[in-house]
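Numbers here are sequence positions counted from 1.
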Amino acid sequence: MIIATDIIKRFGSLNALYGVSLRFSKGECIALLGPNGSGKTTLIKSILGMVVPDSGTLHFNGESIEGKWLYREQIGYMPQIGRYPENMTIANVMNMMKDLRKSPDKHLDEELIESFGLNNLLNKKMRTLSGGTTQKVSASLAFLFNPSVLILDEPTAGLDPLSSEILKQKILKEKQNGKLVIITSHVLSELDDLVTQVAYMQEGSLVFHKTLATLKEETGQRKLSAAITTIMNLQNHE
C-alpha cells in the first residue's frame with residue numbers, strides 16, 4: 001500500500017533520511033520507532049507530501065505520489081501536537097474540515113467524537129481546551145473521514161487512561177477492518193497489544209523492519225520494550 005524506496009533527504013549537512021526503504025501493507029498496525037532525531041517525522045512528512053525527498057521514490061496504492069495530492073484524502077493524520085485556530089469552537093473546527101474534504105455525512109466516522117464525549121463540548125473554544133481534550137479532537141479528526149490509512153504520532157500523549165483505552169480499541173477495530181495503521185510512540189508498553197510489525201530507525205537510517213512475532217522470537221522477550229532493548233544491545237556489540 002505504501003512503498004518507500006531508497007529515500008534520501010538532507011537538511012543542510014544533516015542526513016534526515018539516508019536510503020530508507022520500507023513496505024507497509026493493508027491490515028497491519030506498524031510501530032515506527034526510534035530516538036528523537038532518528039528520521040521518523042521526516043519519513044511521515046514525506047509520505048504526507050509535506051517534505052519532498054532529494055532522491056528515492058514513494059508509492060501509494062501502486063502509484064508514485066510525486067506531484068500528486070489527491071491520495072492524501074485516503075490518509076488520516078494525527079499530529080503529536082494539534083494546532084487549531086484558538087477562537088474556533090470544536091464544532092467550527094469539525095465543520096471546517098468537513099467543508100474542506102467535502103465528504104458526505106454518511107461516510108463519516110464519528111465514533112470517537114461520541115466515545116470521547118466531544119459531542120457535549122462542541123461549543124467550547126479551542127483555546128479553553130486542556131491538552132488531553134485537544135488530543136481527543138485530533139484523534140477524532142484523524143478517523144472522521146474513514147481513511148484507509150491512519151498515521152498517528154504519539155496518539156495517547158496527554159490522554160487519561162480511559163481515553164487512551166478507547167483510542168486503542170478503536171485502532172484495533174480499524175486494523176481488523178483492513179486499514180493500515182502507522183504509530184509512532186515513546187510509550188512502548190502501550191503498543192504490545194496493538195502492533196503487528198516494528199520498524200526501527202536511527203540517525204536517518206532503517207535499522208530493522210520485522211514482524212512483532214519475529215522480533216520476540218529472535219530476542220526471547222515477551223514485551224516490545226524488552227525486545228527492542230535486546231536487539232539494539234546486540235547490534236551495538238557487533
Side-chain angles (χ1 to χ4, degrees), residues 1-2 24 26-32 44 47-48 70-196:
M1 189 164 200
I2 296 176
F24 298 146
K26 294 179 180 179
E28 302 286 355
C29 185
I30 298 164
L32 182 60
I44 286 173
I47 293 171
L48 293 170
L70 283 176
Y71 76 95
R72 283 180 275 183
E73 293 184 353
Q74 301 178 60
I75 301 176
Y77 174 51
M78 179 182 177
Q80 182 175 354
I81 301 175
R83 304 187 188 281
Y84 305 98
E86 293 185 350
N87 287 326
M88 278 191 170
T89 64
I90 294 177
N92 292 152
V93 170
M94 297 285 182
N95 289 331
M96 176 182 69
M97 296 306 298
K98 290 176 184 178
D99 289 340
L100 288 171
R101 295 290 289 265
K102 297 181 174 59
S103 178
D105 286 348
K106 65 181 180 180
H107 294 152
L108 296 179
D109 181 353
E110 298 183 332
E111 183 177 357
L112 279 183
I113 295 175
E114 297 176 8
S115 298
F116 285 148
L118 292 179
N119 46 342
N120 298 318
L121 304 173
L122 292 175
N123 292 323
K124 292 278 188 181
K125 291 197 172 183
M126 298 304 297
R127 68 166 180 266
T128 69
L129 303 184
S130 66
T133 303
T134 302
Q135 279 289 90
K136 294 175 185 178
V137 173
S138 294
S140 298
L141 287 171
F143 287 81
L144 182 60
F145 299 99
N146 205 15
S148 56
V149 176
L150 291 150
I151 300 178
L152 312 176
D153 192 357
E154 300 286 348
T156 60
L159 292 182
D160 60 83
L162 176 58
S163 299
S164 179
E165 187 61 27
I166 288 171
L167 180 55
K168 286 164 65 176
Q169 291 303 316
K170 180 62 172 173
I171 292 170
L172 284 172
K173 179 179 178 180
E174 295 310 306
K175 181 191 74 173
Q176 291 164 1
N177 286 336
K179 297 185 179 181
L180 166 62
V181 185
I182 302 171
I183 303 176
T184 71
S185 179
H186 286 101
V187 187
L188 301 188
S189 60
E190 295 188 341
L191 300 178
D192 278 299
D193 298 328
L194 291 176
V195 304
T196 55

Review point. Could you go step by step and tell me if Leu122 and Thr89 meet the side chain to side chain contact (heavy atoms under 4.5 Å, CB included) rule?
Key: CA-CA 6 Å; Leu122 292 175; Thr89 64; over 6 Å; no

Practice item. Walk me through it: do Lys124 and Thr133 pass the test side chain to side chain contact (heavy atoms under 4.5 Å, CB included)? Key: CA-CA 11 Å; Lys124 292 278 188 181; Thr133 303; over 6 Å; no

**Study point:** Intermediate values then yes/no, side chain to side chain contact (heavy atoms under 4.5 Å, CB included), Tyr77 and Ile182
**Key:** CA-CA 10 Å; Tyr77 174 51; Ile182 302 171; over 6 Å; no

Exercise for review: Output, in order, the C-alpha distance, side-chain angles, deciding distance and verdict of side chain to side chain contact (heavy atoms under 4.5 Å, CB included) for Leu118 and Leu121.
Suggested key: CA-CA 5 Å; Leu118 292 179; Leu121 304 173; 4.2 Å; yes

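With Thr134 contributing its side chain and Ser130 its backbone, the two residues share a donor-acceptor pair below 3.5 Å.
Glu28 and Lys175 make their closest contact through C-CG, 4.2 Å (heavy atoms, listed as atom of the first residue, atom of the second, distance). In plain terms, the two heavy atoms of Tyr71 and Leu48 that are nearest each other are OH-C, 3.3 Å. Here the closest non-hydrogen pair linking Leu152 and Val181 is CD1-CG1, 4.1 Å. Nearest heavy-atom pair, Phe116 versus Lys136, reported as atom, atom and distance to 0.1 Å: CD1-CB, 3.6 Å. Residue Lys26 comes nearest to Gly178 through the heavy atom pair CB-O, 3.5 Å, listed as atom of the first residue, atom of the second, then distance. For the residue pair Ser138 and Gly82, the shortest heavy atom distance occurs at OG-CA, 3.8 Å.
Here the CG-NZ distance, from Asn87 to Lys125, works out to 5.0 Å after rounding to the nearest 0.5 Å. The CD1 atom of Ile2 sits 5.5 Å away from the CD1 atom of Ile151 when rounded to the nearest 0.5 Å. In this structure, CG in Leu191 is found 8.0 Å from OG1 in Thr156, a value given to the nearest 0.5 Å. Between atom CZ of residue Phe24 and atom CG of residue Leu180 there is a gap of 7.5 Å, rounded to the nearest 0.5 Å. The CD atom of Gln80 sits 5.0 Å away from atom CD of Glu154, with the distance rounded to the nearest 0.5 Å. Note: Cys29 SG to Leu172 CG = 7.0 Å, rounded to the nearest 0.5 Å.
Side-chain contact check for Pro147 versus Gln74: every heavy-atom pair is 4.5 Å or farther apart. The closest side-chain heavy-atom distance from Glu111 to Lys173 is below 4.5 Å. Contact annotation: the side chain of Tyr84 approaches that of Leu141 to within less than 4.5 Å [non-hydrogen atoms, C-beta and beyond]. The closest side-chain heavy-atom distance from Leu144 to Arg101 is not below 4.5 Å. Contact annotation: the side chain of Met96 never approaches that of Asn92 to less than 4.5 Å [non-hydrogen atoms, C-beta and beyond]. Side-chain contact between Met94 and Ser140 is present, with at least one heavy-atom pair separated by less than 4.5 Å. When side chains are defined from C-beta on, Lys98 counts as touching Leu108, because their heavy atoms get closer than 4.5 Å. Contact annotation: the side chain of Asn146 approaches that of Lys179 to within less than 4.5 Å [non-hydrogen atoms, C-beta and beyond].
A donor-acceptor contact closer than 3.5 angstrom links the side chains of Asp153 and Thr184.
Applying the 6.0 Å contact sphere to CG of Asn177 captures more than 12 heavy atoms from other residues, nucleotides or ligands.
Salt bridge status for Glu114 with Lys170: absent, with no side-chain N to carboxylate O gap under 4.0 Å.
Taking Lys168 as the reference, Glu165 meet the salt bridge (charged side-chain N to carboxylate O under 4.0 Å, His left out) condition, with sequence neighbours excluded.
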